2 protein chains.
Amino acid sequence: MKHTLDERKQTILLAITRDYISTADPVGSRTIARRYELGISPATIRNEMADLEEMGYLEQPHTSAGRIPSQKGYRFYVDRLMEHERLAEGEQTAIREALEVKAREIEQVIHQAVRIISDLTSCAAVVLLPEISRGRIHTLRLLPVEPGRALLVMISSSGMITNRILPIPSQVSENDLQWISGYLTERLKGLTLLDLDEHLITAILEELRGYSAFSRQLLEALVRSVQQADGGKVITGGATNILSQPEFRDIEKARDVISIFERSHDLSQLLFASRPLGVKITIGNENVLAELRACSLVSAVYFVGGLPSGALGVVGPTRMNYARVISIVEYVARMINDCFDDPF
Amino acid sequence: MKHTLDERKQTILLAITRDYISTADPVGSRTIARRYELGISPATIRNEMADLEEMGYLEQPHTSAGRIPSQKGYRFYVDRLMEHERLAEGEQTAIREALEVKAREIEQVIHQAVRIISDLTSCAAVVLLPEISRGRIHTLRLLPVEPGRALLVMISSSGMITNRILPIPSQVSENDLQWISGYLTERLKGLTLLDLDEHLITAILEELRGYSAFSRQLLEALVRSVQQADGGKVITGGATNILSQPEFRDIEKARDVISIFERSHDLSQLLFASRPLGVKITIGNENVLAELRACSLVSAVYFVGGLPSGALGVVGPTRMNYARVISIVEYVARMINDCFDDPF
DNA sequence: GTTAGCACTCGACGGGAGAGAGTGCTAATC
DNA sequence: GATTAGCACTCTCTCCCGTCGAGTGCTAAC
C-alpha cells in the first residue's frame with residue numbers, strides 16, 4: 001500500500017471534502033464525476049475512493065452511502081489541499097466597521113469581535129480577554145471609598161483594568177493611599193502578577209516597614225486577583241449558530257457542545273493552548289475536550305502592545321468551511337493587533 | 001356555564017397540574033383517580049375535566065391523550081392552588097455558602113448567584129446587574145494613564161464600578177485631574193447619570209470655566225456611558241439545563257429559547273419589567289418575547305443599599321416546578337439584599 | 001349527581017414493501 | 001495494466017398498515 005497520495009487521489013479527496021462541506025451529505029462517485037470534470041468515470045473514482053478509505057482519509061457512514069472525509073482527511077485537506085481564501089472586500093470593511101467602537105477599549109472591541117465573527121462564520125465565536133495575571137503592571141492606584149475600604153484599580157499594559165475593593169485600616173489617610181499607590185506603581189511597573197512571589201513580597205514589606213500591616217493586606221489582595229476568575233475571562237457568542245448545523249440535530253450532541261460554552265474555564269484553557277503565531281486548527285478528536293470531538297476549533301492569538309495577550313477562536317462542526325473561517329479569524333486578529341498596537 | 005371553580009374542580013386541576021409538572025406526560029382520568037384519593041370514579045373526573053377544558057383551564061394535545069394545564073390553568077394554579085414551599089435547610093445553606101465570596105463584590109456575588117440558581121432549579125438563570133445609569137454617583141475619579149489619556153473610575157452607590165479611558169488635553173496635570181475629580185464627586189454625589197442633562201451640564205461648565213474644553217469632554221464621556229451597554233449587563237447561566245427538558249427535544253424550539261440568552265438586551269428589558277416587590281411570575285404567552293411563549297419566567301428585584309437595583313430570574317418550561325423555583329428565587333434575592341445592605 | 005360499560009379516536013410501535021442511492025466485483029475494453 | 005460498463009447487492013428512508021394501549025365521550029343504569 002502506498003503511503004503518499006498521487007495527484008488524482010488528492011483531487012478526488014479535495015472534491016469530496018469540498019462537496020461534503022457545502023452539502024453535509026455523504027458524497028458518492030457519480031456526484032463527483034458529474035460535478036467535477038475529472039475525465040474519469042464513476043467506476044474509477046470508486047476504486048480510488050476505496051483506496052482512500054483504506055488509507056484512512058475517508059469514511060463511510062454505512063455500506064450504501066457515499067463517503068465523508070475522516071479526521072485524517074480533513075487534516076490533509078487543511079494542510080495540503082485547501083486553497084487559501086482572500087476575504088471579500090465587503091466583509092473586510094464589515095469587520096473593520098464592527099471593531100470601530102467610539103471608546104476603543106479592549107473589552108468593548110472584543111465584544112464586537114465576537115459578534116462579527118459569529119455572524120460571518122455562522123459558527124460560535126470565543127475570545128479570551130487578556131489575562132490580568134500575564135499582563136505587565138502599568139499603574140496601581142488605591143482610592144478611598146468609605147472609611148475602612150479602598151478601591152484598588154490596576155491597569156495592565158494590555159489595557160485591561162481590574163477593580164477590587166479591599167478593607168484597609170481606618171487610620172490610613174488618603175495621602176497614605178496616594179503615596180503607597182505611587183510607590184507600588186514605581187516598584188512593580190513592568191512586572192506581572194505572577195512575578196509577585198513570596199520572595200518579592202517580603203522584600204517590599206521590608207521596604208514599606210512603616211505601613212507593614214496594611215501593605216501586607218494589600219499585596220495579598222493583589223496576589224489573590226491572580227488566582228481569581230478575572231484573569232482569562234472568556235467572551236462567547238453565536239452558540240445558537242451551532243444548533244442550526246445538521247450534525248447537531250440530535251439534542252444530545254447539541255447539549256454537549258452548548259455546555260462547553262458555559263464552562264468558561266475549560267474554554268479558556270483550550271484557547272490558551274493556541275500557538276503564538278498564525279492560525280491554529282484543531283480538528284475533531286485532536287481537541288482535548290471530549291465534548292468537542294464533533295467540532296473543530298480555529299484559533300489565533302492577538303497582540304496588545306506587541307505582546308501576545310489573548311486569543312480568539314471559532315468553534316464549529318468539523319465540516320466547517322475552513323478556508324473561509326481561517327481567513328476571517330486571521331483578519332480579525334490582525335485588526336485587533338493593529339488597533340491595540342498601543343493599548344491606550 | 002359557571003365561571004368559578006367549585007372545590008372539586010380545583011382539586012382536580014391541582015392534581016393534574018402537579019402530576020404533569022412532575023411527569024411531563026398528559027394525565028388521564030384513571031391516573032388521577034388512582035394516584036389521588038378523591039373518592040370519585042374516573043368517569044366523574046372525566047366529566048369534570050371536560051368542564052375544565054371548556055372553561056379554558058385544561059388542554060388536550062390530541063383526542064385520546066390526557067389533559068395538560070393550559071396557560072390559564074397554570075395561572076390559576078400559581079395564584080390560587082399552589083402551596084408555598086419552604087426551602088430545605090440544606091439548600092438554604094448551600095445558597096448562603098455559594099454567595100459567600102471572599103471579596104464580596106457585587107459582580108462576583110452575582111456570578112455565584114447565577115450558578116447556584118441554575119443548579120438548584122435545573123432551569124436557566126438570569127441576573128441583571130445594577131445599572132450604572134440608575135445608581136447614584138458615589139465617587140468619580142480621574143487617573144492619569146499616559147500623556148493625553150486618563151482613566152475615569154466611577155463608583156456608584158450600588159457598588160458597581162465603571163472604567164472608561166478618555167482622551168484629555170495633554171496640558172492637564174495630575175493635580176488638575178485630582179482637583180476636578182474632587183469637584184465633580186462633590187457636585188454630582190447622590191445624582192444619577194440620568195440626571196446629567198444638558199441643563200446641568202451647562203451649569204457645571206459655567207462653574208468650571210477655567211477647565212472648559214476639558215470638562216465638556218469629560219462630561220460628555222460620562223453621559224455616553226449612560227447609553228452604553230455597561231448599564232444593564234446581564235449574566236446568564238444554565239441554558240443547557242433547558243435543553244434537557246423534554247419539551248425542548250425539538251431542536252427548533254430549543255434554538256428559539258437558547259437564542260434569547262444571546263440577546264442580552266432583550267433579556268434585560270424583560271427583567272427590568274419586574275415589579276419592585278415580591279416575586280413576579282410570567283407564564284407562556286404573557287411574555288412579550290415570542291421566543292419565550294413556551295417558557296415561564298420567575299423573577300424578583302434585589303436591593304443594594306436599600307434601593308431596587310437589579311433583578312434576578314429563572315427561565316424554564318411552563319411546566320416548571322413553580323413552588324420550588326419561587327422559593328429559590330425569593331431566598332436568593334433576600335440573601336443578596338442582606339449582603340448588600342451596605343454595598344461597601 | 002355518580003358510575004359502569006362500551007364504542008371510538010388517536011398516537012406509538014413494528015413489520016414489510018418499494019424506491020433510491022451507492023457500492024464492490026467481474027469482465028470487457030482501451 | 002489502467003479504465004470502464006454492467007450488474008447484483010446492501011443499506012437507509014419512507015410510506016403503509018395492522019395492532020396495541022391509553023384515554024375519551026356518551027349512554028344508560030344506579
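To find a chain, count down the sequence lines: A is the first, B the second, and so on, and within it residues start at 1. Bear in mind that the values here come from a model prediction, so they are computed numbers and not experimental data.
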How close or far is atom P of C/dT2 from atom NZ of B/K9, stated in whole angstroms?
9 Å
Does A/E330 have any side chain to side chain donor-acceptor pair (under 3.5 Å) partners at least two apart in sequence or in another chain, and if so, which?
none
In terms of ring plane angle, is the pair B/Y322 and B/Y74 parallel, tilted or perpendicular, where the classes change at 30° and 60°?
tilted
Salt bridge (charged side-chain N to carboxylate O under 4.0 Å, His left out) with A/E83: which residues, sequence neighbours excluded?
A/R18
Residues of residues 12-24 of chain A with any non-hydrogen atom less than 4.0 angstrom from an atom of DNA chain C: list those, numerically ordered, please.
none
Scan for side-chain hydrogen bond (donor to acceptor under 3.5 Å, both in side chains) pairs involving residues 39-50 of chain B, sequence neighbours excluded, and state none if there are none.
B/R8-B/E48, B/K9-B/E48, B/S29-B/R46, B/S41-B/T44
What is the distance, rounded to the nearest whole Å, between atom CG of A/L38 and atom P of D/dT4?
11 Å
Are there any protein N/O atoms within less than 3.5 Å of an N/O atom in nucleotides 12-18 of chain C, and if so, which ones and at what distance?
none

Atom pair distance, as rounded to whole Å: CD in A/E48 and C1' in D/dA2
10 Å
Measure from CD on B/E54 to C1' on D/dC26 and round the result to the nearest Å.
15 Å
By side chain to side chain donor-acceptor pair (under 3.5 Å), A/R75 pairs with (sequence neighbours left out) A/D79, A/E286
Salt bridge (charged side-chain N to carboxylate O under 4.0 Å, His left out) against A/E91, all qualifying residues, sequence neighbours excluded
A/R324
NZ/NE/NH1/NH2 to OD/OE distance under 4.0 Å, B/K253 and B/E247:
no
Suppose we screen for side chain to side chain donor-acceptor pair (under 3.5 Å). Which residues come up paired with A/S244, at least two apart in sequence or across chains?
B/R255
Between atom CG in A/D6 and atom C1' in D/dT3, what is the gap in whole Å?
14 Å
What pairs of donor and acceptor atoms, side-chain ones from residues 113-128 of chain A against any protein atom, are under 3.5 angstrom apart with sequence neighbours left out?
from, atom 1, to, atom 2, distance (Å)
A/S118, OG, A/V114, O, 3.1
A/S118, OG, A/R115, O, 3.1
A/T121, OG1, A/I117, O, 2.8
A/T121, OG1, A/C123, N, 3.1

With A/R263 via salt bridge (charged side-chain N to carboxylate O under 4.0 Å, His left out) - residues at least two apart:
A/D266, A/E291
A/E53: what forms a salt bridge (charged side-chain N to carboxylate O under 4.0 Å, His left out) with it, not counting sequence neighbours?
A/R67
Counting only side-chain heavy atoms from C-beta out, which of D/dT3, C/dA4, D/dT4 sits nearest to A/R8?
D/dT3
Per-nt protein contacts along nucleotides 6-25 of chain D (heavy atom under 4.0 Å; B base, S backbone sugar-phosphate only, - none) come out as B---BBS---------BSBB
Measure from CD on A/E59 to P on C/dG22 and round the result to the nearest Å.
18 Å
